[in-house]
Amino acid sequence: MRMNDKYIMERTAPEADSLLPGDILAGLTAARFGRAAEHHAEIGSTNTRARELAMDGAADGTLVIAEMQTAGRGRLTRTWQSPAGAGIYMSLIMRPRIDTERMALLTPAVALGVCRGLSAFCGDVRIKWPNDIVCAGRKLCGMLLEAHAGAGGLEWVVAGIGINAHQRIEDFEGEVQRTAGSIDIVTGGRCSRAAVVRAVLGEIERCVDMLTGGEVGRLMEEYARMSATLGKRVRVIAMDGEYEATAMALLEDGALLVRTDDGCERPVYAGDVSVRGLMGYA
Ligand code: BTN
């Protein structure tokens, strides 16, 4: 397992596991992301709050973070289990200067940043297309990106990020217990959630800046190296049926290009399908 000592040493006792803005700021390397932050002991959904702040003009990089959510939202109208003190529930407001045709690459850019940040703690962490971060076959993190565009193009994006930090398998409810993992399960220790937030914010900023700086080729290469999906056999679960295929590439419109067994290549879009690996969840 590849570990980064700088981060892994930052273990913490439960009483010291603060996510207060000042504790996140101490040691934050990101220049913009997380520099302004709003902390909540309890909230419905950090994404809902971040959307309100974005509408009110909050600056690029503003973070909303909570100890627990009572109405945590996941992709495809799912809920996100958000018990107090166990996970990291945060939403990052971004105002990237980016052409509309590159907008679809924001999700891969954020996913790559989160993946790189978490790999400093957990070693071999991968991106399961489109929005999941997995380690040892279990989901460590899910992301929900919501964007608003006006006449002049993209105005803001809220990247909602839920990271399982201290949960044990038995803490997950229902079906999720079969697929979810946490940083502490992987490392066998107790991570500092503030250190995780700092690592993830630093890497997201780097990856989003790569995208806005026009380094799309490099971004796609790094993404491919950390993908759990590309090159693998997958089951595509669509509204009108399921089929097996091989995941070939991430396209610049964010679609996953798959090749079916009869040789047809087709793009699949995250809003329309679920994609499962054939060897378990990832
Ligand atoms: C998914 O995997 O379905 C996406 C989960 C996203 C969860 C995070 S937790 C912080 C933010 N607030 C929400 O209500 N959802 C996102």
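Each ligand, and each atom within it, is numbered from 1 in the order the structure gives.
Near K139, with a cut-off below 4.0 Å to any heavy atom, the atoms of ligand 1 are 1 (C), 2 (O). Shown in contact with G72 at under 4.0 Å from a heavy atom are these atoms of ligand 1, numbered in order with element: 14 (O). Ligand 1 places these atoms under 4.0 Å from at least one heavy atom of G74: 1 (C), 3 (O), 4 (C), 5 (C).
Here the heavy atom of the protein found nearest to atom 9 (S) of ligand 1 is Q69 NE2, 3.4 Å. Looking from atom 5 (C) of ligand 1 to the surrounding protein, the closest heavy atom is W80 CE3, 3.4 Å. Regarding atom 8 (C) of ligand 1, its nearest protein heavy-atom neighbour is G162 N, 3.6 Å. Of all protein heavy atoms, the one closest to atom 1 (C) of ligand 1 is R75 N, 3.6 Å. Protein heavy atom nearest atom 15 (N) of ligand 1, with residue, atom name and distance: R73 O, 2.7 Å.
Between the side chains of D262 and T260, at least one donor N or O lies within less than 3.5 Å of an accepting N or O. For the residue pair N164 and S182, no side-chain donor N or O sits within less than 3.5 Å of a side-chain acceptor on the partner. Checking D184 against Q167 by side-chain atom types alone, no donor-acceptor pair falls below 3.5 Å. Residues H40 and E38 bring a donor and an acceptor atom of their side chains to less than 3.5 Å of each other.
Only the backbone of I161 comes within 4.0 Å of ligand 1, judged by heavy-atom distances. With a 4.0 Å cut-off on non-hydrogen atoms, S91 touches ligand 1 through its side chain and not its backbone.
Across the listed options I88, T79, T46, T46 owns the non-hydrogen atom lying nearest to atom 11 (C) of ligand 1.
Electrostatic pairing of E67 and R193 counts as a salt bridge here, judged by a charged N lying under 4.0 Å from a carboxylate O.
Under a cutoff of 6.0 Å and an axis angle of 45°, R266 and Y243 form a cation-pi pair.
Scanning for side-chain hydrogen bond (donor to acceptor under 3.5 Å, both in side chains) contacts around N131 gives an empty result, with sequence neighbours left out. Residues passing the salt bridge (Lys or Arg N to Asp or Glu O under 4.0 Å) test with E173, sequence neighbours excluded: none.
At a 3.5 angstrom cut-off on N or O pairs, R78 does not count as close to ligand 1.
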